[in-house]
Each structure stands twice: as structure tokens, then as C-alpha cells.
Amino acid sequence: MSITMRRLDTANPEFKTQLAAVLAFDSSADEAIDRAAADILANVKGRGDAAVLEYTNRFDRTGAASIAALEVSLDECRDMLASLPAKRRAALEAAAERVRAYHQRQFKECGSDGFTYTEADGTVLGQKVTPLDRVGIYVPGGKAAYPSSVLMNAIPAKVAGVQEIIMVVPTPDGVRNELVLAAAAIAGVDRVFAIGGAQAVGALAYGTQTVPQVDKIVGPGNAYVAAAKRRVFGTVGIDMIAGPSEILVLCDGTTDPDWIAMDLFSQAEHDELAQSILVCPDEAYLNRVEASINLLLPPMSRAGIIRTSLTNRGAMVKVRDMDEACTIANLIAPEHLEISAEKPQRWVDLIRHAGAIFMGRYSSESLGDYCAGPNHVLPTSRTARFSSPLGVYDFQKRSSLIFASEAGAQTLGKIAAELAYGEGLEAHARSAELRLK
């Protein structure tokens, strides 16, 4: 059965409406999921380990007798690492080293050292940067296992200076993925629990008799995990509410169409709701990519998922030129943006909204998922308009520093008092005035 992807053309007066229909996705959990997540969280908050164990045995069929039995020892993680085939272990270690090197550079370049400056009257102002004490990382373990998620979440936390990292990962039927646990050993995770779902989020957010409470929860999960993270925000920090994965490819028509077809597959294979969109000014090239899609799809191991994703949420967009393609990219604000063109830098300068930008025909999005170095935890569902990839800065907090000298208090006190009286806050004003000579 061949695939005919939805076609859009910016010359069509209905284009904006049609594009909006393609992009439409309600990232919020539906009422039933949200209600179920709320019930699970309330139960975990009230009953601790007993509730987490009950839900874990029900949903993941682990048959565990206690939460302690679901804690994976660091020795087991190290054993998993040691047992990997040499080639796979080398790849995992190489990816970890690249991710670590990138985030170490990010640490130096993104204000991680704080600052102070002294004014003429001796007043000192500044900012202190402090790592979080304890972070929880959620690693998916349902349709697929993601050791890359372990690296991308744990390594920047370690680089930031987080003292303790608690990892949770569901293990359906009690099966523990060796690559995920090996990645935990490489990344420096401190404790691992084989629990998942909303109950794992609750355990991290509230703490139980066995699972320690964390300050922030990061990492993607299913709709129940997303709903739970949304509800515990405020008790703990969270990274983001992630929607289905997305790729937008801007192509000038010079890249091998087989390459582009496979790049579209690379996101579509995540799940049926993932979105893959190709934008190009050459309609004949769009036809060639469609032919490649139909040629390359049948032998793919996840062909059914890819087919559903491309049919229901994929699209090919014919534009007037690459300038217009960049305008559309900024409107879509994709999670992953490939600029597959001969001179990609020319177009990068026009891009304002994207989670990650892959420049040039050799920069496949999959390199970013695993080993290029930048983080693969990215904003989805147009949130790249106002948010950023996960990074070292997500595991730090900033405190303002204010040291008022005696002379500085004379100047600042008068200003503060005047404004406080204007707001009707007499105690504020008097607090400042009492320090005036």
C-alpha cells in the first residue's frame, strides 16, 4: 500500500488554514488521563511506597514485594556496562563523552560562574549560581528503551554540579534494559529505581519511605507522565511538557531524496502522533521524495507506525522559494529543523524559532539524537518560540547578591522610601529610612 502524503502549497489562498490543521495537536492530557494521574499522585502522596508498589505491579507486572526490591544497584548497572558487546559499549561511551564535552563548554559560556560588581560608594551587586541538590530523571521504557535519554538528562546535571541524581525507568514484565542501565553507569547516576508512570513522578515529587524527594524532574514520558509532571510543578521544578516528536526539513532540492525520506522516517517511527514535514520550492523534488518514501518504507521494522504518522500528521509543502520556507519554519517553530541545502548558513540566519537546527545535507537529525553533543531534549508543539533545549542551566538556580554600603544605603534608601510611600507600604519606607543619617 503506497503512501500519498498530504500536499500543501503556499500559493493556495487556504494555505494558512490548511497548515494550521496539519499542526493542530492538543498537547494537554485529556480529562480522563488527567483525572487518573491526579488520583495516582494523591495516593502516592498519602501512602508512599505502598501506593507506588501497587501501581507498579499493576501496570508493569513486576511482581515485586517492595520498592527496595525495585531499586537497581549501581553494581548491576556497571555489570550491564561490562557485558555490552565491545562495539556497542564504545559507541555509548563515545556518545557520552561528546555530550559531556558540549555541556562542559556550555557551563563555561552560559554564566555558570555568577558575577559581582562594586559601585563607586562600595555597594556590591551580583548573582550567585548554585546547582540543584537532587534531581530526578525519568527515562521512558514502554514502546522502546532510550539509553540516549539517560545521557542527555544525567550528564548536564552532573556537569552543573547536581549532588545526587535519581533515575526512574519502567520495566514492563520486570525486564531491565541493559543499555539503559549501562548508560546510567556511564552518566554517573546515583540511584536507579525500576518504576515508571505517574506513580514514579509522584514518588520523586513527594518522596516515599524509599524514594527520596527531588528538587526537579526532567525527562520525557507518556501522557500520564506528562499529566503528572504538570500537576507536581510548584512542588518540584520540571523541564517541560513534551509533546510528540517533530521534524521539519527545509530542502532546496539538491539532496538525495532517499536521504530526506529516511530523515522523515526517523521521527515518524517514534510513534503514530509524531510529525514529519518537508518544505521545498521544487514540486518535482517533492514527487521524488514521495517515490523514495514508498520504495524505502516496506522493509522498515516500524513500517506500520511510520505509515500512520506520515499519513495522519505528515505533509509536503511547496513554497515559492527558500526565503518563504524559512518564514514557515519560524511559524511552525519545530523541535528539529533540518536545513538540507548547499549553503545552509544563508538560511540559518533567517531562523528564529527552532529547538535544534541541523545545517547541511550531511547533518541528519539522528546525529543530534545520539552523539553530536547538544542536548536532544527539545521544546515541542511550537514551544520553541519561548523555550530552549535542556541544558546545564536547567540544573542551576540563581540568587541575587546585594551588599549595601553605608553610603549606598543613603542613596538607595531615599529612592526606596519614596516609591514605598507611593505604593502605600509604610513599613517598607520606614525600614529604608531608619538607615538614613
Side-chain angles (χ1 to χ4, degrees), residues 1-12 14-27 143-144 242-253 255-319 324-340 353-356 358 361 364-366 368-369 378-384:
M1 182 190 302
S2 64
I3 291 180
T4 301
M5 287 181 66
R6 185 165 14 188
R7 291 287 186 101
L8 282 67
D9 191 325
T10 56
N12 187 327
E14 300 298 316
F15 170 73
K16 288 187 177 180
T17 301
Q18 293 171 345
L19 180 62
V22 171
L23 299 177
F25 175 77
D26 183 4
S27 61
K143 290 186 176 180
S245 193
E246 311 156 355
I247 187 171
L248 174 65
V249 181
L250 306 187
C251 188
D252 61 3
T255 304
D256 186 326
D258 285 357
W259 294 11
I260 299 301
M262 199 59 67
D263 290 351
L264 298 177
F265 290 178
S266 72
Q267 292 309 295
E269 74 174 346
H270 275 294
D271 62 61
E272 292 85 352
L273 293 176
Q275 184 156 71
S276 302
I277 298 176
L278 171 60
V279 178
C280 180
D282 184 346
E283 187 166 8
Y285 182 78
L286 294 177
N287 293 334
R288 291 172 62 200
V289 172
E290 188 168 80
S292 291
I293 287 172
N294 284 294
L295 179 66
L296 298 174
L297 180 60
M300 298 298 296
S301 61
R302 297 169 72 87
I305 294 173
I306 294 171
R307 181 183 303 277
T308 301
S309 171
L310 294 182
T311 301
N312 294 344
R313 301 207 70 222
M316 292 186 175
V317 182
K318 165 71 168 57
V319 291
E324 187 176 45
C326 292
T327 298
I328 291 171
N330 285 324
L331 177 64
I332 295 174
E335 178 187 17
H336 306 100
L337 174 64
E338 284 188 7
I339 303 179
S340 194
H353 308 304
F358 298 81
R361 60 175 63 97
S364 69
E365 181 277 330
S366 59
D369 273 354
L378 302 167
T380 63
S381 303
R382 299 195 70 223
T383 59

Can you tell me how far the [atom1] atom of [X] sits from the [atom2] atom of [Y], to the nearest 0.5 Å?
X	Y	atom1	atom2	result
F265	D258	CZ	CG	9.0 Å
L19	N12	CG	CG	11.5 Å
L248	E338	CG	CD	9.5 Å
E269	I306	CD	CD1	5.0 Å
L250	I277	CG	CD1	10.5 Å
N294	S2	CG	OG	5.0 Å

- prompt: D369 and Q267: side-chain contact (heavy atoms from CB on, under 4.5 Å), yes or no, with the steps?
  reply: CA-CA 10 Å; D369 273 354; Q267 292 309 295; 4.1 Å; yes
Under the rule for side chain to side chain contact (heavy atoms under 4.5 Å, CB included), what residues qualify as partners of [X], not counting sequence neighbours?
X	value
A303	L297, M300
M5	I3, E290, I293, L310, M316
P257	Y285, R288, V289, S292

Between [X] and [Y], what is the shortest heavy-atom contact and its length?
X	Y	answer
M262	L296	CE-CD1, 4.0 Å
D271	S309	O-CB, 3.7 Å
G355	L378	O-CD2, 3.7 Å
L273	P244	O-CB, 3.3 Å
C280	G253	SG-N, 4.0 Å
A268	A274	CA-CB, 4.1 Å

Do any N or O atoms from the side chain of [X] and from the backbone of [Y] form a donor-acceptor pair under 3.5 angstrom?
X	Y	value
T308	E272	no
T311	R307	yes
Q275	V22	yes

Which residues share a salt bridge (Lys or Arg N to Asp or Glu O under 4.0 Å) with E324, sequence neighbours left out: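 Expected list: R320.
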Partners meeting salt bridge (Lys or Arg N to Asp or Glu O under 4.0 Å) with R6 (sequence neighbours left out):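 Scan of R6 (salt bridge (Lys or Arg N to Asp or Glu O under 4.0 Å), adjacent residues dropped) gives none.
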Taking only distance into account, with no hydrogens and no angle test, what donor-acceptor pairs under 3.5 Å do side-chain atoms of residues 329-337 form with protein atoms, sequence neighbours excluded?
{"from": "N330", "atom 1": "OD1", "to": "R352", "atom 2": "N", "distance (Å)": "2.6"}
{"from": "N330", "atom 1": "OD1", "to": "H353", "atom 2": "N", "distance (Å)": "3.2"}
{"from": "N330", "atom 1": "ND2", "to": "C326", "atom 2": "O", "distance (Å)": "3.4"}
{"from": "N330", "atom 1": "ND2", "to": "L350", "atom 2": "O", "distance (Å)": "3.0"}
{"from": "E335", "atom 1": "OE1", "to": "S245", "atom 2": "OG", "distance (Å)": "3.1"}
{"from": "E335", "atom 1": "OE1", "to": "E246", "atom 2": "N", "distance (Å)": "2.8"}
{"from": "H336", "atom 1": "ND1", "to": "E246", "atom 2": "O", "distance (Å)": "2.6"}
{"from": "H336", "atom 1": "NE2", "to": "E365", "atom 2": "OE2", "distance (Å)": "3.1"}

